[in-house]
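Comments concern the structure below.
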Amino acid sequence: MSLNSELSELFGLFAALMDIRGESAFKAIAFSKVSRILKDTTIDLKAAVEDGSLKKIEGIGASSQRIIEQYVKTGRSDDFEEVAASVPPGLIPMLQIPGLGPKTIALVWKQCGVTTLEDLVKAIDEGKLACLKGMGEKKIQGINEGIALRAQAGKRIGIVDALPIAEALLQRLRELPMVDMAEVAGSLRRRCETIGDVDLVCAPRDESAGAAVAAAFVKFPEVQRIVVQGSTKASVITVGGMQVDLRIVPADNFGAAIQYFTGSKDHNVKLRGLAAQAKMTLNEWGLYRLDAYDKGDKKPGMAPSIKPVASKSEQEIYKALGLSWMEPELRENRGEIEAARDGKLPRLIELADIRGDLHCHTTGSDGQNSIEEMAEAAIARGYEFLAITDHSKSQVIAKGMSAERLVQHAANIRKVGERLKKITLLAGCEVDILADGRLDFEDAVLAELDWVVASPHVSLKQPSDKATDRLLRAIDNRYVNVIGHPTGRLIFGREGLSPNLPKIFAAAAQSGTALEINASYPRLDLCDSHARGAIEAGARLSINTDAHSTGEFGEMRYGIHVARRAWATAKDVINCWTAAQLRAFIAKKRG
DNA sequence: GCCGTTTTCGGCCCGACTGTTTTCAGTCG
């Protein structure tokens, strides 16, 4: 695990421990924030400790800095260990149980001696919890259900599984005659790589039709089980076991609702702070002037009776707060609010900006389709160029090619390119970066190609410094144009390499080597925060599907999501350049 | 714990829901 993720985890645990200890919730929130900052950042913490730049990061104060410094130097933290020693570690996983929070956990620990989940189950069975203050029959039943729920589900799912189902449900909602507007919200709208549940928001044409919309929604064929069904909300479990929450709001409050339920939580918290500074209050119903709001009539489940400053559209709400509208992918409180205030939001890359794919496979190695079929599929997508990059010889399982076969393959690619004319085909290779940073082919072989993607496939658990040297060596090779899936991580699968990213980004920028956002799920590698670090360091990105069949070119959209979350514009991504620009990019590095 | 054109002290987002309550605490998103 990298130093950054170790420290991120430490601060996350620290926050949980403080919660259970009953310290000020704001302290725990502050440490959670530090945990998230460390998870997102690509800065080299060792270097930041040495040059004292740590405390310049907003959200990291004196205490956090002290903890990080000690941890970087010694691999441990006195502050953390002291707190950890005072709370049984078995209590921490209990925070994951729905309906069970820090206060209740502390109560059963101190009053009943519960220190593990097993203890808790036993205490419930023996009726020990019933004698606690504020603990009734229903609450105990709720905890029991929470434990069961946690055991059977609670797992996040990949965007690749969630998005198609959400889009199908959205389509059905929009086709309902009584529905005026419907939209996806939540982490799915922000295009996060994994999501907990799907949030949908819709507005009926007639405000009284809420119950009818909910009734129609729970009968959709994708729905397996109904959790809640009312006139303002319906919650269901789909056939695939995914939870989908539908909120039904008046059309006049649609913008506020979708803004609110899109989040992120951190983004909304910051926005509410801005509202408060301007003597306003922001909630899921709208943005209101504070003095009027306090006097207004409020009933649960209904819009406040007073006139809002803004509520119909997101644009209105942001505008009233002095901000331009923000793309959902940016709403993570990673500087987008300041950028929107200063008119410095990027024009994010779109799928339509992509002119070609620079990493795919054919039957030459482990792909399903021929060179011609892949090229025709690329033309059908409107691409101007396509790089065919089959595996090198070390990838025996993937039918990796010998040098002789590769040269013949390149000749075949060029022949197809000349015949088709409508597209520029680049004869390339995905060459393995061996564990020590050597490439799987000699330079003389690579020099025969138009395009080289160099990727790590083995030794993905090597130490950070070795991984750094390995990738730097590949970047240094004049024939290497892209580092493919640079860390080798798999979502839900493996952590992959954790190289010193600032060094990698700087070398890539300086040498004219692009870094890949591999669009194939579950790779999505680089991830969003890494890709953003690369852009900030001046490196170019390349979004590629790594398609092993013509159908997989369609995965480009998932790579675009990552790039947008990384604040990428079309100029940052070489797939948006013209074929001529690409040729110049190649020629410049070859020298 | 963090932060500062309302502050170096005193705030820190807001509403809904639930359960165990006679006015509120805990949890969730």
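Chain identifiers are assigned alphabetically (A, B, ...) following the order of the sequence lines, protein sequences preceding nucleic acid strands; residue numbering begins at 1 within each chain. Heavy-atom basis, side chains included; hydrogens, waters and symmetry copies ignored.
Atom pair A:Ile60:CD1 and B:dC3:P shows a separation of 9 Å (rounding to whole Å applied). When rounded to the nearest whole Å, the span between NZ of A:Lys55 and C1' of B:dC3 equals 16 Å. Taking atom CZ of residue A:Arg66 and atom C1' of nucleotide B:dC2, one finds them 13 Å apart after rounding to whole Å. For A:Glu137 and B:dG19, the CD to C1' distance is 12 Å, given to the nearest whole Å. For A:Leu107 and B:dG19, the CG to P distance is 18 Å, given to the nearest whole Å. Regarding A:Ile37, its CD1 atom lies at a distance of 15 Å from the P atom of B:dG1, rounded to whole Å. Remark: P of B:dC24 and NZ of A:Lys133 are 13 Å apart, rounded to the nearest angstrom. Protein atom CG of A:Leu188 is 17 Å distant from nucleotide atom P of B:dG29, rounded to whole Å.
Counting non-hydrogen atoms of neighbouring residues, nucleotides and ligands closer than 6.0 angstrom, the CZ atom of A:Arg36 exceeds 12 such neighbours.
Among the heavy atoms of the strands lying under 4.0 Å from A:Glu58 are primed sugar atoms or P, OP1, OP2 only; no base atom is included. Using a 4.0 Å heavy-atom criterion, one finds that A:Gly59 contacts the sugar-phosphate atoms exclusively. Residue A:Ile29 is classed as having no contact, given no heavy-atom separation below 4.0 Å to the nucleic acid. Residue contacts for A:Gln65: at a heavy-atom cut-off of 4.0 Å it reaches no nucleic acid atom on any strand shown. Looking at heavy-atom distances under 4.0 Å, A:Ala62 makes contact with sugar-phosphate atoms alone, never a base.
Checked by atom type and distance alone, the side chain of A:Asp528 never pairs as donor or acceptor with a backbone atom of A:Ala566 at under 3.5 Å.
For A:Ser64, no side-chain nitrogen or oxygen approaches OP1 or OP2 of B:dG1 to under 4.0 Å.
A salt bridge links A:Arg532 with A:Glu536: the distance from a Lys NZ or Arg NE/NH1/NH2 to an Asp or Glu carboxylate oxygen falls below 4.0 Å. Residues A:Asp266 and A:Lys270 are not paired through a salt bridge, judged by the lack of any N-O separation under 4.0 Å between the basic side chain and the carboxylate. Under 4.0 Å is where a charged nitrogen must lie from a carboxylate oxygen, and between A:Arg172 and A:Glu222 at least one such pair does. Look at A:Arg21 and A:Asp19 and you find no salt bridge, because none of the NZ, NE, NH1 or NH2 atoms lies under 4.0 Å from a carboxylate O. Remark: A:Lys39 does not engage A:Glu6 in a salt bridge, criterion side-chain N to carboxylate O under 4.0 Å.
Using C1' as the reference atom, B:dC28 and B:dC13 are 14 Å apart when rounded to the nearest Å. Between B:dT20 and B:dT27, the distance separating the two C1' atoms is 14 Å to the nearest Å. A gap of 28 Å separates the C1' atoms of B:dG10 and B:dA16, to the nearest Å. To the nearest whole angstrom, the two C1' atoms, one in B:dC17 and one in B:dC3, are 33 Å apart. For the C1' atoms, the distance from B:dG26 to B:dT21 is 13 Å, rounded to whole Å. B:dC12 and B:dT18: their P atoms are spaced 27 Å apart (whole Å). B:dG1 and B:dT6: their C1' atoms are spaced 22 Å apart (whole Å).
Using a 30° and 60° split on the angle between ring planes, A:Tyr293 and A:Tyr288 fall in the tilted class, from 30° to 60°.
Base pairing annotation: B:dT27 forms a Watson-Crick or G-U wobble pair with B:dA16, both donor-acceptor distances under 3.5 Å.
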Next item on the list: Can you check each nucleotide of nucleotides 12-17 of chain B against protein heavy atoms at under 4.0 Å and return B for base, S for sugar-phosphate only, - for none, in 5' to 3' order?
Entry: BBBSSS

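Positionally, the nearest nucleotide of DNA chain B for A:Lys33 lies more toward the 5' end than for the other of A:Asp199 and A:Lys33.
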